[in-house]
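What follows is a set of notes on a single structure, which appears directly below.
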Amino acid sequence: MAAFNEFGLTGPVIRSINNMGFEEATPIQERAIPVALSGQDLIGQAHTGTGKTAAFGIPMVEFFDVDHEQIQGVVLTPTRELAIQVAEELNKIGQFKGIRALPIYGGQDITRQIRALKNRPHIIVATPGRLMDHMRRKTVRLNQVRIVVLDEADEMLNMGFVEDIETILTEVPEERQTLLFSATMPGPIQALARRFMRNPEVIRIEGKQVTVANTEQSYIEVEERQKFDVFCRLLDIQSPDRSIVFGRTKRRVDELFDALTKRGYSAEALHGDLAQSKRDLVMRRFKEGTIEVLVATDVAARGLDISDVTHIYNFDVPQDPESYVHRIGRTGRAGKPGVAITFVTPREIYQLRVIENMTRKKIARMPVPTIKEVIEGQQRLAVDQLLQAVENGDAGNYKTLAEGLLEDNDAVTLLSAALKVLTKETDRTPVTLTEERPLRMRQDKYLSPGKRGYSRNASGKKGPARNSGHSSPRGKSRFGSRSY
DNA sequence: AAAAAAC
């Protein structure tokens, strides 16, 4: 691996990198940074958790003129949480050079954002809808932009987003650099991306598998109605300090969160129907460790870098293989070990094969954990807690109490009682969640590379234009008409 | 076919 001082970066940027504790460049950084610094367009694909943000952030900060107080860079992300996180990291990279990044996203008071824009950020990190709002209000000017980054690029170019991207790009100079990054990049999306890039260099960090090797992947076959009980057993056996469980729909996430809370687990829900203030609060509490189980939709599937998430549970099979890759990529980051367990109903086994086929990795079957294992797990936890307290050596205040107790009781009886008290009794009140319909994954896209289900016209629209409020201000799109 | 993304 290369050291960061091999890229010819200037002092303040090197200092920031050192300050952040980065020592050696990851493979994607090693290959992408020189290309980005040369001014060339770039499609960068690398595994989850391998430092893609710094791979585009370092060249941006290096490249930008701190005295030119205009927006020189735009990073687009698919979720608000990711915009916040990326802006934070860019600010760290820019700290000694004085390059400022500002997150711009929906659900936040717009007048506050307008005030923040008066601080003259060099980079904005935005979700598309709110950025377009600012464009219409003329509160952001994009005519000085030199670099545009699509983070989670395949998602940003998916239907539902691509028209917004197109609109935003109409206000960015054509003489710009366009950088795309993601852990997944389906062929048709990459082809679409080239339409508004200029001779991009494609950098793929090859791995035999798409997923991260240090994450242990398994699945449990279980009937829909047994899922919740089996999930609780797993939580009791594994007792992760910080885990994420993904549900398929917002309602599902709400129900799962309610049920977990009723059983006494420390959980919170995260999905797009919650107020942004609530989303921010949940994220903050999850990061600080107050919440053990984050119950989320795919809003949390991509990009979020939360340290020490050890377990990912797919309560429902993800909608597509890309989603699976990104979801389980919330663990096993920066070389740490991770565990990913997916619940599959008998009717959905085929969907699991589709995922295995795409990731080129077999997902091991795990038997349904038994009550006996749960009890053993909980007892093990009680013993661990006790031994941890011994190791901490801070129970001195209890010695007199203990000696008194030992006068009338024998040690084994006392210790057994202590362990019994420490052992968490699980509430087994039956909980019924609303049944989900089994997933029917689109198969054509993943199983027959020659005949994929993407039938778009030049503008990326499928069928007649919808969502006319998002269309280009010029009426006719320039997207696809650029002559590269 | 769901979620995300503006008010």
Side-chain angles (χ1 to χ4, degrees), chain A residues 74-86 103-114 124-140 150-168 182 184 244-256 269-277 279 283 295-304 314-324 326-327 347-348 350-351 354-355 434 436-446 453-454 460 462-463 466-471 473:
Chain A
V74 174
V75 181
L76 297 169
T77 67
T79 66
R80 298 165 180 180
E81 285 73 17
L82 191 53
I84 296 167
Q85 176 187 295
V86 170
I104 292 284
Y105 54 92
Q108 198 194 34
D109 180 14
I110 196 158
T111 57
R112 196 176 127 194
Q113 275 175 6
I114 293 168
I124 55 172
V125 185
T127 49
R130 180 54 72 88
L131 176 56
M132 291 191 298
D133 196 353
H134 280 286
M135 285 162 57
R136 268 187 293 278
R137 293 164 184 256
K138 308 271 183 218
T139 44
V140 294
L150 300 190
D151 198 9
E152 305 298 337
D154 55 332
E155 177 70 0
M156 301 311 285
L157 295 172
N158 246 328
M159 284 181 306
F161 270 126
V162 71
E163 290 177 38
D164 294 352
I165 302 303
E166 180 186 351
T167 302
I168 291 163
S182 185
T184 52
I244 305 176
V245 51
F246 286 98
R248 196 178 298 159
T249 63
K250 290 178 276 200
R251 182 173 79 170
R252 181 77 149 177
V253 164
D254 280 333
E255 290 187 2
L256 190 47
L270 187 76
H271 62 66
D273 275 357
L274 301 172
Q276 192 55 40
S277 52
R279 287 169 62 169
M283 284 300 292
V295 192
T297 59
D298 273 340
V299 70
R302 282 177 177 259
L304 296 186
N314 290 312
F315 194 76
D316 300 310
V317 178
Q319 296 292 334
D320 49 57
E322 283 83 11
S323 169
Y324 177 84
H326 289 280
R327 282 181 178 188
R347 290 172 66 184
E348 290 171 327
Y350 183 73
Q351 318 306 333
V354 175
I355 291 168
T434 309
E436 284 273 301
R437 295 228 308 275
L439 176 66
R440 302 287 311 156
M441 200 180 283
R442 280 182 48 170
Q443 301 154 15
D444 53 344
K445 183 174 159 191
Y446 305 104
Y454 282 85
K462 196 176 161 192
R466 52 180 182 85
N467 234 356
S468 57
H470 286 183
S471 67

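Lettering follows sequence order; numbering is per chain, from 1. As the structure is a prediction and not an experimental result, all values here were calculated from the model.
Of the possible polar contacts, one joining the T297(A) side chain to the V299(A) backbone as a donor-acceptor pair under 3.5 Å is found. E255(A) contributes a side-chain N or O that, together with a main-chain N or O of T434(A), makes up a donor-acceptor pair within less than 3.5 Å.
The R279(A) side chain lies nearest to dA5(B) when the options are dA4(B), dA5(B), dA1(B). In the set dA3(B), dA6(B), dA4(B), dA3(B) carries the atom at the smallest distance from any side-chain atom of T249(A).
Put simply, T127(A) has a side-chain N or O that comes within less than 4.0 Å of OP1 or OP2 on dA6(B). Using a 4.0 Å cut-off, some side-chain N or O of R80(A) falls inside it from OP1 or OP2 of dA5(B). Taking side-chain N and O atoms only, T79(A) has no distance below 4.0 Å to OP1 or OP2 of dA5(B).
Regarding E348(A), its CD atom lies at a distance of 14 Å from the P atom of dA2(B), rounded to whole Å. To the nearest angstrom, C1' of dA3(B) lies 13 Å from CE of M159(A). With rounding to whole Å, R327(A) atom CZ is found 10 Å from dA2(B) atom C1'. In this entry the distance linking CG of D298(A) with C1' of dA5(B) reads 14 Å, nearest Å. A straight line from CG of N314(A) to C1' of dA2(B) spans 15 Å, rounded to a whole angstrom. Separating the CE atom of M132(A) from the P atom of dA5(B) is a distance of 13 Å, rounded to the nearest angstrom. The nearest whole Å value for the distance from the CD1 atom in I84(A) to the C1' atom in dA5(B) is 14 Å. Between the CG atom of L76(A) and the P atom of dA6(B) there is a distance of 11 Å, rounded to whole Å.
Scanning for side-chain hydrogen bond (donor to acceptor under 3.5 Å, both in side chains) contacts around S277(A) gives an empty result, with sequence neighbours left out.
Below the 3.5 angstrom threshold, one finds no donor paired with an acceptor across the side chain of R302(A) and the base of dA3(B).
Looking at H134(A) and I124(A), their side chains never come closer than 4.5 Å, going by heavy atoms from C-beta outward.
With salt bridges taken as basic N to acidic carboxylate O contacts below 4.0 Å, one links D133(A) and R137(A).
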